[in-house]
Amino acid sequence: MKYEIEHMLKNGYGNILNMSSTSGLVGNGFGMTAYAASKFAIVGLTKSVALEYSKSNIRVNALCPGFVETPMIDSICDKNPKLKRRFEACQPIGRMAKPNEIANAVHYLFSEESSFITGTAFVIDGGLTI
């Protein structure tokens, strides 16, 4: 963000979206402690930088998806097929997100429709963190 912000300050505006996770909001019980810690850090960094640069017309948000059908999840589930069912079962909607569902949230957060949103951990998780 250091270099993005430098450029955005020169232009008088900007929009940054950091990738976190629901693990950055509630942790996880899947033996991924370091992953969760890094995602909590992203949320805290996002909120702090959003406050620091809000008056400079720079918006900063974090996207916190739940489980998404990605190569990372596939590789984890290939090693332990029961884990895929656990991931799906812990989401109230009963399935993992599709990548395009996350892309739609990204599109929204970069659009003018979200121009008043900054400093948020935008959750897209099928009800996981309710």
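The structure presented is a predicted model; accordingly, all values stated were derived computationally and were not measured. FYI, side chains are in, hydrogens and waters are out, and symmetry mates aren't considered; it's all heavy atoms of this structure.
- Among residue pairs with one or both ends in residues 100-109, those qualifying as side chain to side chain donor-acceptor pair (under 3.5 Å) are R95-E101; sequence neighbours excluded.
- Identified under the salt bridge (Lys or Arg N to Asp or Glu O under 4.0 Å) test for residues 60-75, with sequence neighbours left out: E69-K98.
- Each side chain to side chain donor-acceptor pair (under 3.5 Å) pair with one or both residues in residues 4-15, not counting sequence neighbours, appears once here: H7-N11.
- Side-chain atoms of Q91 and L128, non-hydrogen and from C-beta on, do get closer than 4.5 Å to each other.
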Only pairs under 3.5 Å count here: list side-chain donor-acceptor contacts from residues 82-89, not counting sequence neighbours, and write none if there are none.
none

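- Note that CZ of F67 is 6.0 Å distant from OG1 of T22, once rounded to the nearest 0.5 Å.
- Counting only residues at least two apart or in different chains, side chain to side chain donor-acceptor pair (under 3.5 Å) contacts with residues 23-35 comprise S23-N28.
- Using a 4.5 Å cut-off between side-chain heavy atoms of Ile, Leu, Val, Met, Phe, Trp and Tyr, with links allowed through other members, V123 and I102 fall into different hydrophobic clusters.
- Note: the hydrophobic cluster containing V106 also contains I124 (ILVMFWY, side chain heavy atoms under 4.5 Å, direct or indirect links).
- Under a hydrophobic-cluster definition in which Ile, Leu, Val, Met, Phe, Trp and Tyr are linked whenever side-chain heavy atoms come within less than 4.5 Å, directly or via other members, L17 and V60 are assigned to different clusters.
- At least one donor-acceptor pair closer than 3.5 Å links the side chain of R59 to the backbone N or O of I117.
- For residues 117-130, the set of pairs meeting the side chain to side chain donor-acceptor pair (under 3.5 Å) definition, not counting sequence neighbours, comprises D125-T129.
- The minimum heavy-atom distance between C64 and S20, with the atom names listed, is SG-CB, 3.8 Å.
- Between I58 and L9, the closest side-chain pair of non-hydrogen atoms falls below 4.5 Å.
- I76 and V68 sit in two unconnected hydrophobic clusters of ILVMFWY residues. Membership requires side-chain heavy atoms under 4.5 Å apart, directly or through other members.
- Cluster partners of F40, using a side-chain heavy-atom cutoff of under 4.5 Å among ILVMFWY residues and allowing indirect links: none.
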Stepwise side chain to side chain contact (heavy atoms under 4.5 Å, CB included) test for L25 and K39: CA-CA 8 Å; L25 302 172; K39 298 305 181 177; over 6 Å; no
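- Residues A105 and L63 come closest through the heavy atom pair CB-CD1, 4.0 Å.
- Rounded to the nearest 0.5 angstrom, N57 CG and S115 OG are separated by 9.5 Å.
- Looking at every heavy atom in both residues, A36 comes nearest to G27 through CB-CA, 4.2 Å.
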Only distances under 3.5 Å count here; give the side-chain donor-acceptor pairs of residues 42-52 to other protein atoms, sequence neighbours excluded, each with its distance to 0.1 Å.
from, atom 1, to, atom 2, distance (Å)
T46, OG1, N18, ND2, 2.9
T46, OG1, I42, O, 2.8
K47, NZ, G119, O, 3.2
S48, OG, G44, O, 3.1

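- For residues 23-33, there are no salt bridge (Lys or Arg N to Asp or Glu O under 4.0 Å) pairs, not counting sequence neighbours.
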